[in-house]
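These notes concern the structure reproduced below.
All values reported here derive from a predicted model rather than from experimental measurement. Numbering of ligands and ligand atoms starts at 1, following listing order. Just so it is clear, the values below take in all heavy atoms, side chains as well, and ignore hydrogens, waters and symmetry mates.
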Amino acid sequence: MNHTKRRSQRRCWSLLSITIIFTLTTLFNINPSSSPTTSPEKPTVDRCSGKYIYMHDLPPRFNSDMLTHCQTLSQWTDMCRFTSNSGIGPPLNNKPRWYRTNQFSLDIIFHNKMKHYSCLTSNSSMASAIYVPFYAGLDVARYLWGSFNVSVRDSASLDLINWLKTKPEWTNMGGKDHFLVAGRITWDFRRLTDEDKDWGNKLLLLPEVKNMSVLVIESSPWHSNDFGVPYPTYFHPCSEKEVVEWQERMRRVERKCLFAFVGAPRVNQTRSIRGKVLEQCGRSEKCALVRCAGSDGGNHQSEYCHEPERVMEVFERSVFCLQPQGDSYTRRSAFDAMVAGCVPVFFHPGSAYVQYGWHLDGDYRKYSVFISEEDVRDEKVGIEEVLGGIQMEDVERMREEVIGMIPRLVYGDLRCEGIESKDAFDLAVEGVVNRVGRVRRGIEDGGRVHEWDHFF
Ligand SMILES: *[C@@H]1O[C@H](CO)[C@@H](O)[C@H](O)[C@H]1NC(C)=O
Ligand SMILES: *[C@@H]1O[C@H](CO)[C@@H](O)[C@H](O)[C@H]1NC(C)=O
Ligand SMILES: *[C@@H]1O[C@H](CO)[C@@H](O)[C@H](O)[C@H]1NC(C)=O
Ligand SMILES: *[C@@H]1O[C@H](CO)[C@@H](O)[C@H](O)[C@H]1NC(C)=O
């Protein structure tokens, strides 16, 4: 390797750190929203018809107590910072509507958005679905690491079920109209056995919870009671205007890098393609690489990894963003990339195509590129060659599709008027209501098994 030559060649993103492309020029007014419950009377059409949600009033041990004791939520992360601002976290400096949002904060965000939902009802017989604001993700995270035995890990889930079963709303349909939001991956709630050495709790395996719909940031392709919804991103727009302005900005931004990867290697995981992706990106002058610390320690960690502004800059400057699976199929990064108008490149169908049916288009070719993981592992393809070979008009069409999806992928700031078009929350509620409707009519599919052999 000729180091001198290498250093003299300017990588596509070398000027990033001094480029300020993130400043929003518009002055925003926060509109402390008028109370959603005082919607004007409409004698003829009930605009909430078919959309009413009843929210259980859970004892605080199932939700707000966890926030009060936020220092117990994680051994590694100070979750107290991230529970602020109704769960979207501390604001980024000088960047209105951008927050340091933790990827595991959907329990809180969803609950707070639901408190402001304009079609809440206190009459459960009018409700299309019944929301259980249990912070299942925060609950399990307290016990995933350390020597907590299975009875400790399962206790809040079992306690919740006992509470729910005493309620008249439960008996009505055996919980089949109930849903909850667990802002972690499904595998944290599907412990294989009752041995202490196995991972997670058994929330999703409880017979009562099998009757419910559970929204998670990564669902199981082999079960039918959980549904994938987007990871929270850093962007929480207040109005339609702000989203449209952001979309416009992402259409205009100059993308000097053909592709980008922000992530860590998976040392000793021989099936992982992370190493190959890092290597191919690191070799290419057209790739923006931000190498993060993996299980090999902090050796090559870039200081960019945990800086939302920096990560977003890299994505905004790139045409394609690589999203190889990590410890599980999905990544928060895929949503950050799409919000930046960067076309995601997936290597496994489990990373998006079989996950987010309520939010992403059924035809994945419209908004993403698929490169088979096996081909990368066997070194049958070069990522740069594949991406560089895509026609400009196809690239533009995909990017436009991705930019068009941005409103659907963000959780709008609940403290203001909100986005007129549906945001990730609205689509999730709609998805649940439709699902419960199918269950009521007795036409819900019994199971879901995703075939993905044809992808490889
Ligand atoms: C609740 O809704 C049901 C069905 O619409 C209705 O029959 C009932 O009178 C309502 N109960 C109250 C207390 O408003
Ligand atoms: C599990 O751990 C808790 C707390 O340390 C303890 O009180 C309990 O006896 C343990 N249960 C079993 C079955 O070991
Ligand atoms: C699940 O729902 C069915 C139908 O409503 C009900 O009969 C059954 O008891 C429920 N299961 C549990 C474990 O509550
Ligand atoms: C990887 O495996 C080697 C050899 O078994 C071991 O020495 C090393 O600690 C492992 N590294 C990690 C990060 O697990």
Side-chain angles (χ1 to χ4, degrees), residues 37-39 41-58 61-62 65-66 69 72-73 75 117-132 134 136 139-180 182 188-215 223-227 432-448:
T37 49
T38 58
S39 52
E41 290 287 333
K42 284 202 184 147
T44 44
V45 188
D46 177 2
R47 72 181 173 83
C48 285
S49 172
K51 291 197 218 169
Y52 283 112
I53 303 286
Y54 175 85
M55 176 160 68
H56 272 300
D57 188 13
L58 294 184
R61 65 180 183 278
F62 294 115
D65 279 357
M66 292 188 222
H69 303 289
T72 64
L73 292 175
Q75 292 172 35
Y117 180 62
S118 59
C119 298
L120 278 180
T121 176
S122 54
N123 181 350
S124 62
S125 5
M126 288 177 64
S128 295
I130 294 180
Y131 171 55
V132 182
F134 170 45
D139 167 49
V140 75
R142 298 184 287 191
Y143 310 122
L144 286 174
W145 294 272
S147 50
F148 298 101
N149 61 33
V150 293
S151 32
V152 170
R153 283 181 255 157
D154 293 337
S155 68
S157 304
L158 296 169
D159 187 10
L160 175 78
I161 296 305
N162 286 335
W163 187 89
L164 281 175
K165 285 169 82 168
T166 64
K167 299 290 150 190
E169 291 80 22
W170 179 268
T171 31
N172 201 21
M173 282 180 76
K176 289 194 169 177
D177 51 358
H178 281 48
F179 73 102
L180 62 80
D188 291 340
F189 309 102
R190 294 185 180 279
R191 193 180 57 236
L192 294 173
T193 73
D194 274 347
E195 287 183 44
D196 288 340
K197 69 170 171 47
D198 282 321
W199 181 260
N201 71 17
K202 61 175 179 187
L203 174 70
L204 277 161
L205 306 175
L206 299 173
E208 292 81 6
V209 178
K210 284 184 177 168
N211 270 2
M212 298 168 60
S213 306
V214 180
L215 314 193
H223 298 87
S224 56
N225 65 326
D226 58 0
F227 298 85
V432 167
V433 164
N434 290 340
R435 199 252 168 162
V436 171
R438 289 195 304 275
V439 171
R440 275 184 216 279
R441 297 195 301 276
I443 52 172
E444 174 62 4
D445 43 303
R448 154 171 44 140

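- Just one of Arg435, Lys210, Arg190 meets the salt bridge (charged side-chain N to carboxylate O under 4.0 Å, His left out) condition when paired with Asp226; it is Arg190.
- In Lys210, neither the side chain nor the backbone holds a heavy atom less than 4.0 Å from any atom of ligand 3.
- Here is the list of ligand 3 atoms found below 4.0 Å of a heavy atom in Asn211: 1 (C), 2 (O), 3 (C), 8 (C), 10 (C), 11 (N), 12 (C).
- Inspection of the Ser151 and Asn149 side chains reveals an N or O donor paired with an N or O acceptor under 3.5 Å.
- For a heavy-atom separation below 4.0 Å, the residues in contact with ligand 1 are Asn123, Ser125, Met126.
- Residues meeting the side chain to side chain donor-acceptor pair (under 3.5 Å) test with Ser122, sequence neighbours left out: none.
- Minimum interatomic distance between Gly174 and Asn211 (heavy atoms only, all atoms of both residues): O-ND2, 2.7 Å.
- Here the side chain of Arg153 pairs a donor or acceptor atom with the backbone of Gly200 at under 3.5 angstrom.
- Side-chain atoms of Arg440 come within 3.5 Å of backbone N or O of Ser128 as a donor-acceptor pair.
- Shown in contact with Met173 at under 4.0 Å from a heavy atom are these atoms of ligand 3, numbered in order with element: 2 (O), 5 (O).
- Aromatic ring centres of Phe179 and Tyr131 lie closer together than 6.0 Å.
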